[in-house]
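Only one structure is covered here, and it is reproduced in the block below.
Please read all numbers here as calculations on a predicted model, not as lab measurements.
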Amino acid sequence: ELGYPESSNVHAFALNQVASTLFSQRKYEEAAQAYDQVDAATASWEPERAARLRLGYARIFTRYATRQVDAGIDAARQLVERETKRAGDKHHDSAIANAILGAGLTFARRDREALEVYGKALPILLATSHEDADDSATFAAADTRTQVVMELYLTLLSRNRRAVKDAGTESFHIAEA
């Protein structure tokens with residue numbers, strides 16, 4: 001047998017990179033198929049090890065984009081739990097995880113819950129940045145994630161103008177951030 005075993009780190013991470021690339025090209029159905037291959041490759045892994053590949057931004061948003069919103073929300077909840085446990089609930093990574101969950105709840109039109117989740121995330125996201133990221137690619141990826149979740153928050157605000165005190169001002173504040 002040539003090559004790496006399907007359950008090896010090298011194989012699974014390579015498949016994950018293919019899936020992530022397909023996601024970035026907006027080929028969501030193909031990305032979902034590649035992520036299914038990642039699941040097969042990591043089926044025998046311990047849950048903590050597999051979570052590194054199963055709880056990524058592109059993976060969760062691929063679920064949202066392929067009408068697997070509930071599965072995406074479940075994964076986002078796991079991401080929030082992992083990041084909060086790892087870094088604390090006031091850390092930027094926990095806030096972005098909450099915003100990813102809020103995005104899924106927005107897609108699911110579970111607006112009240114989405115507003116609560118975004119309420120935890122936004123003060124931290126607006127107060128922190130990744131300008132100290134190690135490289136420009138890391139900064140660009142973090143900036144893109146933040147932009148996407150903020151745009152979805154603005155969508156949520158537009159649907160719930162009366163649910164948020166001074167939604168118009170908040171929209172402008174976020175747009176300027």
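- Taken to the nearest 0.5 Å, the CG atom of L152 stands 11.0 Å off from the CE atom of M150.
- Side-chain N/O atoms of N16 and R52 include no donor and acceptor closer than 3.5 Å.
- In terms of heavy-atom proximity, A19 sits nearest to A31 at O-CB, 3.5 Å.
- Scored by the salt bridge (Lys or Arg N to Asp or Glu O under 4.0 Å) test, D111 finds R159 as partners (sequence neighbours excluded).
- Separating the CG atom in L105 from the CD atom in E113 is a distance of 4.5 Å, to the nearest 0.5 Å.
- Following chains of ILVMFWY side-chain contacts shorter than 4.5 Å, one cannot reach L22 starting from V38, and the two form parts of different hydrophobic clusters.
- Considering NE2 of H92 and CD of E83, their distance stands at 11.5 Å, rounded to 0.5 Å.
- Between T155 and S158, the shortest heavy-atom contact is O-OG, 2.7 Å.
- One distance of note links CG of L55 with CZ of R77; it measures 13.5 Å at 0.5 Å rounding.
- Salt bridge status for E81 with R86: absent, with no side-chain N to carboxylate O gap under 4.0 Å.
- Taking CG of L53 as the start and CH2 of W45 as the end, the distance is 5.0 Å to the nearest 0.5 Å.
- Of all the heavy atoms in S94 and G88, the pair that sits closest is OG-O, 2.6 Å.
- In this structure, a donor-acceptor pair under 3.5 Å is absent between the side chains of Q33 and E29.
- Cluster annotation: L115 and L126 are assigned to the same hydrophobic cluster (Ile/Leu/Val/Met/Phe/Trp/Tyr, side-chain heavy-atom contacts under 4.5 Å, transitive).
- The same ILVMFWY cluster, assembled from side-chain heavy atoms under 4.5 Å apart, contains both I100 and L125.
- The number of heavy atoms from other shown groups lying within 6.0 Å of CD (Q25) is above 12.
- Checking side-chain atoms of Y35 against main-chain N and O of R63 turns up no donor-acceptor pair under 3.5 Å.
- Closest approach of V149 and Y118 over heavy atoms only: O-OH, 2.8 Å.
- In the hydrophobic clustering of this structure, I60 does not group with V18; members are Ile, Leu, Val, Met, Phe, Trp, Tyr whose side-chain heavy atoms approach within less than 4.5 Å, directly or through other members.
- Cluster annotation: V148 is connected to I73 through the hydrophobic network of ILVMFWY side chains, with a link wherever side-chain heavy atoms come within less than 4.5 Å.
- In this structure, OG1 in T106 is found 4.0 Å from CG in L156, a value given to the nearest 0.5 Å.
- No side-chain heavy atom of N98 sits less than 4.5 Å from a side-chain heavy atom of E116.
- The two residues N9 and R49 make their nearest non-hydrogen contact at OD1-NH2, 2.7 Å.
- Ring geometry for Y64 against F61 counts as perpendicular: the plane angle is over 60°, on a 0 to 90° scale with 30° as the lower cut.
- Proximity of a side-chain donor or acceptor of S8 to a complementary backbone N or O of Y4 within less than 3.5 Å is not detected.
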Should E46 and R54 be marked as a salt bridge (Lys or Arg N to Asp or Glu O under 4.0 Å) after you check the CA-CA gap, both sets of side-chain angles, and the distance that decides it? CA-CA 12 Å; E46 309 83 48; R54 294 184 178 164; over 6 Å; no
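- Partners of Q78 according to the side chain to side chain donor-acceptor pair (under 3.5 Å) rule, which considers only residues two or more places apart in sequence or in another chain, do not exist here.
- Checked by atom type and distance alone, the side chain of S20 never pairs as donor or acceptor with a backbone atom of Q17 at under 3.5 Å.
- The two residues A12 and A41 make their nearest non-hydrogen contact at CB-CB, 4.2 Å.
- Residues that satisfy the side chain to side chain donor-acceptor pair (under 3.5 Å) test with E30, not counting sequence neighbours, are absent from this structure.
- Electrostatic pairing of R82 and D93 does not count as a salt bridge here, judged by no charged N lying under 4.0 Å from a carboxylate O.
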